[in-house]
Amino acid sequence: MDPPALPADPARLRRRLLLWYDANRRDLPWRAPPGGRADPYAVLVSEVMLQQTTVATVRPRFLAFVRRFPTLEALADAPLDDVLHEWQGLGYYRRARALHGLARTVRDGGGALPATVAGLEALPGVGPYTAAAIAAMAFGVPTVPVDGNVARVLARLARVETPLPAAWPVLRRLAADLAGAGAGEGAGDGRWGDLAQAAIELGALVCRPAPACGGCPWREVCEARAAGVEAALPRKAARAAKPRRYAVAFLVRRDDGALLLRRRPETGLLAGLVELPTTPWQEGPFRDEGAILAGAPEALDLRPLPGEVRHGFTHLDLTLGLWTGAGHEAGDGFFWRQDRLGELALPTLTRKLLRLGGITPGARP
DNA sequence: AAGTCGGGGAA
DNA sequence: TTCCCAGACTT
């Protein structure tokens, strides 16, 4: 089969897409008003938050984040723990660390975000997608960022049958073709930020995994639709099954009501966040009390609470029981916390366990 | 190229 | 349940 190519002139595709976007765009807090200019810091924060995270989740968290850290300089001046606290529950906590590091890098380098794809991609936490997105949306660079939405749109438009992830280079080339000059460039060109938003928006609203072609501005030229294969694209390589792991967490209280906690290591899963003590995670369920007590912190009268917590990570599913007891000494790596749990950066897994134990740490930001 | 890194909502 | 989300980084 011929190598995939855009089925129509790029300038014509761009015009059709922008007309659709003008009539169908969502009003999102980080977006420039129609005809206006987006705030680079807002674009940066939103794009990092939106990495593998839905708009519905990000919208309120974005508003809270920029309220607490209104400028790149304010973010650079804040302690990392404050940033992690503001990020709790969002997942992929490396993003928060990278964003904080990025802010300090930029502040120490003069204070302005780079305005080029290459300059942006050199910053921590900014990869090919995010660099292109910021360049287009905040600085008007003529480039079309390829995220999961745009990959789906382009794979269908040009009928790319190669499965992901092998198809990524093909899709990036198609995106570059779309951003290229094309014959008779005209109305709409110059709106490169809107074009980037529009390509993503089309994937999010119309060219979804279950496509709604009736509302698509490209339906008449879409090659997947012409062949009747739109719902099957993009094809994807089979993924490995997620293993399940088991552990028991411990709700240990001191006489004064303080709770025994520990901080996770600075790298790896849930890096630097605060959690309840647990046994090591193991491949099968715990069968006898001895194995549980062997993994427990020093405590008296340990006994199981009814119920369990299930929590899914990206590459494994975890099932935890919860035991409770009384203690008075915090061993190495542990600490007591009496109140104001809401001020700690707690992962969702820990919140689920606390809820099972009848504790509400307070609303997260 | 493959593995690591969260959590939630929709189908 | 499974999929997938405005992906990046490490090895």
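Sequence lines set the chain letters: A, B, ... in the order given, protein chains first and strands last, and positions in each chain run from 1.
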### Query
Using atom P of each nucleotide, how far apart are dA6(C) and dA11(B) to the nearest Å?
13 Å

Does any part of the side chain of [Y], heavy atoms only, come nearer than 4.5 Å to the side chain of [X], both counted from C-beta?
X	Y	value
L259(A)	L251(A)	yes
T350(A)	R264(A)	no
P128(A)	E121(A)	yes

Separation of [N] [atom2] from [X] [atom1] (nearest whole Å):
X	N	atom1	atom2	value
L320(A)	dG6(B)	CG	C1'	15 Å
L269(A)	dG6(B)	CG	P	5 Å
Y93(A)	dC9(C)	OH	P	19 Å
K242(A)	dG7(B)	NZ	P	11 Å
K352(A)	dG6(B)	NZ	P	14 Å
R239(A)	dC4(C)	CZ	C1'	7 Å
L90(A)	dA6(C)	CG	C1'	14 Å
R172(A)	dA8(C)	CZ	C1'	11 Å

Sugar-phosphate only, base, or nothing, as touched by [X] at under 4.0 Å among non-hydrogen atoms:
X	value
P145(A)	nothing
G268(A)	sugar-phosphate
T130(A)	sugar-phosphate
P165(A)	nothing
E201(A)	nothing

### Sub-4.0 Å heavy-atom contacts from residues 49-59 of chain A onto DNA chain B, ordered by number
Q52(A), T53(A)

Where the side chain of [X] is defined as all heavy atoms beyond and including C-beta, which of [options] is the nearest nucleotide?
X	options	answer
L270(A)	dG6(B), dA6(C), dC5(C)	dG6(B)
L28(A)	dG6(B), dG7(C), dA6(C)	dA6(C)
R244(A)	dT1(C), dG6(B), dC5(C)	dT1(C)

Is [X] close enough to [N] that one of its side-chain N or O atoms is under 4.0 Å from OP1 or OP2 there?
X	N	value
R310(A)	dT1(C)	yes
T348(A)	dG6(B)	no
H315(A)	dC5(B)	yes
R351(A)	dG7(B)	no
H311(A)	dG7(B)	yes
Y92(A)	dC9(C)	no

### Message
What's the separation between atom CZ in F69(A) and atom CG in D77(A), rounded to the nearest 0.5 Å?
### Response
10.5 Å

### Query
Roughly how far, to the nearest 0.5 Å, is the CH2 atom of W87(A) from the CG atom of L273(A)?
12.5 Å

### R25(A)/E201(A) salt bridge by N-O under 4.0 Å criterion
no

### Any donor-acceptor N or O pair under 3.5 Å, side chains R31(A), Q197(A)
yes

Could you list the donor-acceptor pairs under 3.5 angstrom formed by side chains in residues 230-245 of chain A, with sequence neighbours left out?
unit_1  : atom_1 : unit_2  : atom_2 : d
R235(A) : NE     : E161(A) : OE1    : 2.5
R235(A) : NH2    : E161(A) : OE1    : 2.9
K242(A) : NZ     : F313(A) : O      : 3.0
R244(A) : NH1    : T319(A) : OG1    : 2.4

### Message
If you assign G148(A) and P234(A) each to the DNA chain C nucleotide with the nearest heavy atom, which residue ends up on the more 5' nucleotide?
### Response
P234(A)

### Message
Tell me if a side-chain donor or acceptor on W30(A) pairs with a main-chain N or O of V45(A) at a distance below 3.5 Å.
### Response
no

